[in-house]
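One structure below.
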Amino acid sequence: MKALVYITPKADILDPQGKAVGSALQDLGYEGVDEVKVGRYVTLQLKSQPVDQAKAQVEDMCRKLLANINVETFRVEITED
Amino acid sequence: MRFGIVVFPGSNCDHDCYWGLKHDLAYEVNFLWHRQKDLVGSDCIILPGGFAHGDYLRAGAIARFSPIMEEVVKHAHNGKPVIGICNGFQVLTEIGLLPGALLKNNTLSFIHKPVTLRIEHRDSLFTRSYKTNAVIELPIAHGQGRYYASDEVIAELQSENRILFRYSSPKGELSSAWNPNGSLLDIAGICNAAGNIMGMMPHPERRMNQQLGGVDGRAIFQGVAQAFA
């Protein structure tokens, strides 16, 4: 089974990377984009285990290492493939 | 008085610190490899600049789990001095010894240049050897130096006089024109509530010798050393 972890800057934090990508998209003519946030995507291959247990453990990893909860939020998805 | 300089894989200002402390200021100093679990009697620990563990994930995120950091935290909790410079400041925020975080510069670029800094007050171990209202020049060299903390933390830093260094004009004026990276309140360096842990983005160890551009960095280490005199 696999864990997919999405880490993004918190909403109220200035994200200069997202801003730069946003203005590049404007330059390309995509006028429908209001805001861009750039984050990280981490995948973990896990040993087979109950989904709840896997999710709790990966969330713990996020709080300890994968994300900086002062400035980032995270979301964990567990898939069976 | 003995300084101990922690060496992580990827530290690159460790030798600058060593040279300045040993040869310019004539203090006892030794390196501490990050896998070591012994601070070998160091009175003040320095976490130097560089790219510890490649800055993978986030600057400082992996360095905080190096074996020596457990000892550094104990040392800090015993009220003994710890100085984090640049990447070392990032490690101190990641491990929670100092509040807030260092984010990507708002310019999105790596900035390497001398900046002027206002010493906010002299009522700390790290600033007491500067003159009142001093403005000093130190180099910065970082891609992630934009100090950020929640409103509550910022208010606390202000009310407890824990902001020690702010980016300013050579006359000590504050404005966004003198803030190189977008740090909140032009913050370049702070300390903890007890006053024994200090983190700063500029590099005092690169201003320890007139031949290397100046000696404005010396007083930080001299201030600490006086406490052990």
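Naming convention: chains lettered A, B, ... in sequence-line order (proteins, then strands); numbering from 1 in each chain.
A distance of 12.0 Å separates CG in B/N106 from CG in A/D15, rounded to the nearest 0.5 Å. Remark: B/L103 CG to A/L14 CG distance equals 8.5 Å, nearest 0.5 Å. The distance from the CG atom of A/N68 to the OG1 atom of B/T93 is 7.0 Å, given to the nearest 0.5 Å.
Remark: side-chain polar atoms of B/R58 are paired, donor with acceptor, to backbone N or O of A/L66 under 3.5 angstrom.
Within a 6.0 Å radius of OH in A/Y41, other residues, nucleotides and ligands contribute more than 12 heavy atoms. Within a 6.0 Å radius of CD in A/Q45, other residues, nucleotides and ligands contribute more than 12 heavy atoms. More than 12 non-hydrogen atoms from other residues, nucleotides or ligands lie less than 6.0 angstrom from CZ of B/F65. The environment of B/D123 atom CG is sparse: at most 12 non-hydrogen atoms of other residues, nucleotides or ligands sit within 6.0 angstrom. Counted within 6.0 Å of CD on B/E70, heavy atoms from surrounding residues, nucleotides or ligands total 12 or fewer; the atom is thus considered open. Surrounding NZ of B/K80 are at most 12 heavy atoms belonging to other residues, nucleotides or ligands under 6.0 Å away.
Pairing each heavy atom of B/G100 with each of A/N70, the nearest pair is O-ND2, 3.8 Å. Between B/L108 and A/P16, the closest heavy-atom pair is CD1-O, 3.4 Å.
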TODO: Go through the steps for B/L57 and A/R40 under the test side chain to side chain contact (heavy atoms under 4.5 Å, CB included), then give the verdict.
DONE: CA-CA 9 Å; B/L57 211 51; A/R40 278 191 306 279; 4.0 Å; yes

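Interface residue A/I13: only side-chain heavy atoms are found under 4.5 Å from chain B.
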